[in-house]
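Note on naming: letters A, B, ... go to the chains in the order of the sequence lines (proteins, then strands), and numbering restarts at 1 for each one.
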Number of protein chains: 2
Amino acid sequence: MRADATRNREAILRAAEDLLAAHGAEHVSLDRVAAAAGVGKGTVFRRFGSRTGLFQELLAERAEALARAVGTAGSPLGPGAPPRARLLAFLDELAGLAERNLALFAAHERACAEDKYADPTYVRWHGHVAALVGEARPGLDASFAAHALLGLFDADLVGHVIAEGGVTRLRSSVRGFAEALLG
Amino acid sequence: MRADATRNREAILRAAEDLLAAHGAEHVSLDRVAAAAGVGKGTVFRRFGSRTGLFQELLAERAEALARAVGTAGSPLGPGAPPRARLLAFLDELAGLAERNLALFAAHERACAEDKYADPTYVRWHGHVAALVGEARPGLDASFAAHALLGLFDADLVGHVIAEGGVTRLRSSVRGFAEALLG
DNA sequence: CAGACAAGCGGACCGTCGGTCCGCATATCC
DNA sequence: GGATATGCGGACCGACGGTCCGCTTGTCTG
């Protein structure tokens, strides 16, 4: 990749972030992103393929730290921890991530509406959660339960809960729900 | 309302149904609906206000029988039945409804993406489920849990589960999930 | 440093969509 | 049968995601 291409790529990602933060997820069109990045529209599409691709990449970037934490032993998130605690810790992290990136979650959701199960980040999360559910609560349809648990971070729901009680409420509601489910 | 207006209204609803059944939820634009109904586009908007309104109305129509069943005593769905059984029965009905109207659920979801909590049918379902959860499992955030349980009928998830194991799998996964949650 | 070539760029352009508007038609009522 | 409001249709609009192609510019070679 040419140096200017790398620079533009970064500029586009940062512009998308800024627009998401400034206006809602609804008002971030690719024309706007391109303009804000000081770049032609074609460049956005060449780099990211589509609106979907852009937001997938952005989410992947924001989810990277979590993915690393999940992979490294030592924390309650990492391998070695008991499945139930590991799952609860993961969901708690996800709650934080969703709160900090609410607009991005919303935009990502909209963009991936067709075939959300094709999103790499979602797939990774789902695999992780399903595996832990399978260990922590055998007998359940683990894949189904994992989709349901990830559904807790639907942007509308998160926004609604946060509007009423902030992240604290979200975290405790999620935890309460998961604990009830896991028995 | 004038007689022709009533007729057109019905024609539009039926045309929307047919198109949903024939092509996926994705390919049902209001132009198409209008054309299929043998009606001008303006008429669709005068009757239903917006795409959202049309699909809300269609869903309300399909959900009417369920609403009636919930309101009348005698069945496991109706008042008087023990909350836990009542909730499980309601979710089971919802699974059937979702399966029979998958395309409609998908279209409705898309159309109500902004502010899904404003949809009258969703609000009614949520109130019902939250009340039952509150009775059957005190201590949970009932409103949150109700949103989560209704999230089980996300069109993508339903479609995914049904593709693998039909309605049977959906029903049993939903039931298993709800039973685990309620303890 | 020069020249050649690929890689990248930008923005005009396209089809589609949800939604609006207004001049015309027609059901309804007296 | 005439008056009136209710309803109708479809041309029109702005915004959007996505494409395309002629021009530019970074990079690599000698």
Item to check | Per B:Ala5 side chain, nearest of listed nucleotides D:dC8, D:dG17, D:dG26 | outcome: D:dC8

Checklist entry - Where each residue is assigned the nucleotide of DNA chain C containing its nearest heavy atom, which of A:Asp31 and A:Arg47 is assigned the position nearer the 5′ end? => result A:Arg47

Checklist entry - Between D:dG17, D:dC12, D:dG7, which nucleotide gets closest to the side-chain atoms of B:Arg2? => result D:dG7

Checklist entry - Are a donor atom and an acceptor atom from the side chains of A:His147 and B:Asp154 found within less than 3.5 Å of each other? => result no

Checklist entry - For A:Thr52 and B:Thr6, take the nucleotide of DNA chain D holding the closest heavy atom to each; which residue's nucleotide lies nearer the 5' end? => result B:Thr6

Next on the checklist: Nearest whole Å is fine: how far is D:dG17 P from A:His27 NE2?
Outcome noted: 12 Å

Checklist entry - What residues form a salt bridge (Lys or Arg N to Asp or Glu O under 4.0 Å) with A:Asp156, not counting sequence neighbours? => result none

Checklist entry - Would you say B:Leu150 and B:Val123 are hydrophobically clustered, going by side-chain heavy atoms of ILVMFWY under 4.5 Å? => result no

Which pairs of donor and acceptor atoms, one on a side chain in residues 76-84 of chain A, lie under 3.5 Å apart (sequence neighbours left out)?
residue: A:Arg84; atom: NH1; partner: A:Gly183; partner atom: O; Å: 2.6

Checklist entry - For D:dG17, does OP1 or OP2 lie under 4.0 Å from any side-chain N or O of A:Ser50? => result no

Checklist entry - How far apart are the closest heavy atoms of A:Ser173 and B:Asp141, and which atoms are they? => result OG-OD2, 2.6 Å

Item to check | Nucleotide interval of DNA chain C bounded by contacts with chain B (heavy-atom cut-off, under 4.0 Å) | outcome: C:dC17 to C:dT28

Next on the checklist: For A:His108, run the side-chain hydrogen bond (donor to acceptor under 3.5 Å, both in side chains) check against A:Asp119, A:Thr52, A:Thr121 and tell me which one passes.
Outcome noted: A:Asp119

Next on the checklist: What is the distance, to the nearest angstrom, from the CE atom on A:Met1 to the C1' atom on D:dC28?
Outcome noted: 18 Å

Checklist entry - Mapping B:Ala3 and B:Arg46 to their closest nucleotides on DNA chain C, which lands nearer the 5' end? => result B:Arg46

Item to check | Whole-Å distance separating the CZ atom of B:Phe48 from the P atom of D:dG7 | outcome: 13 Å

Checklist entry - Say you draw a straight line from CD of B:Glu109 to SG of B:Cys112; how long is it, rounded to the nearest 0.5 Å? => result 9.0 Å

Checklist entry - Taking atom P of D:dC16 as reference, at what distance in whole Å does atom CZ of A:Phe45 sit? => result 12 Å

Next on the checklist: Once you apply a heavy-atom cut-off of 4.0 Å, does A:Arg9 come out as touching a base, just sugar-phosphate, or nothing?
Outcome noted: nothing

Checklist entry - Base, sugar-phosphate alone, or nothing: which one does B:Arg7 contact when heavy atoms must sit under 4.0 Å apart? => result nothing

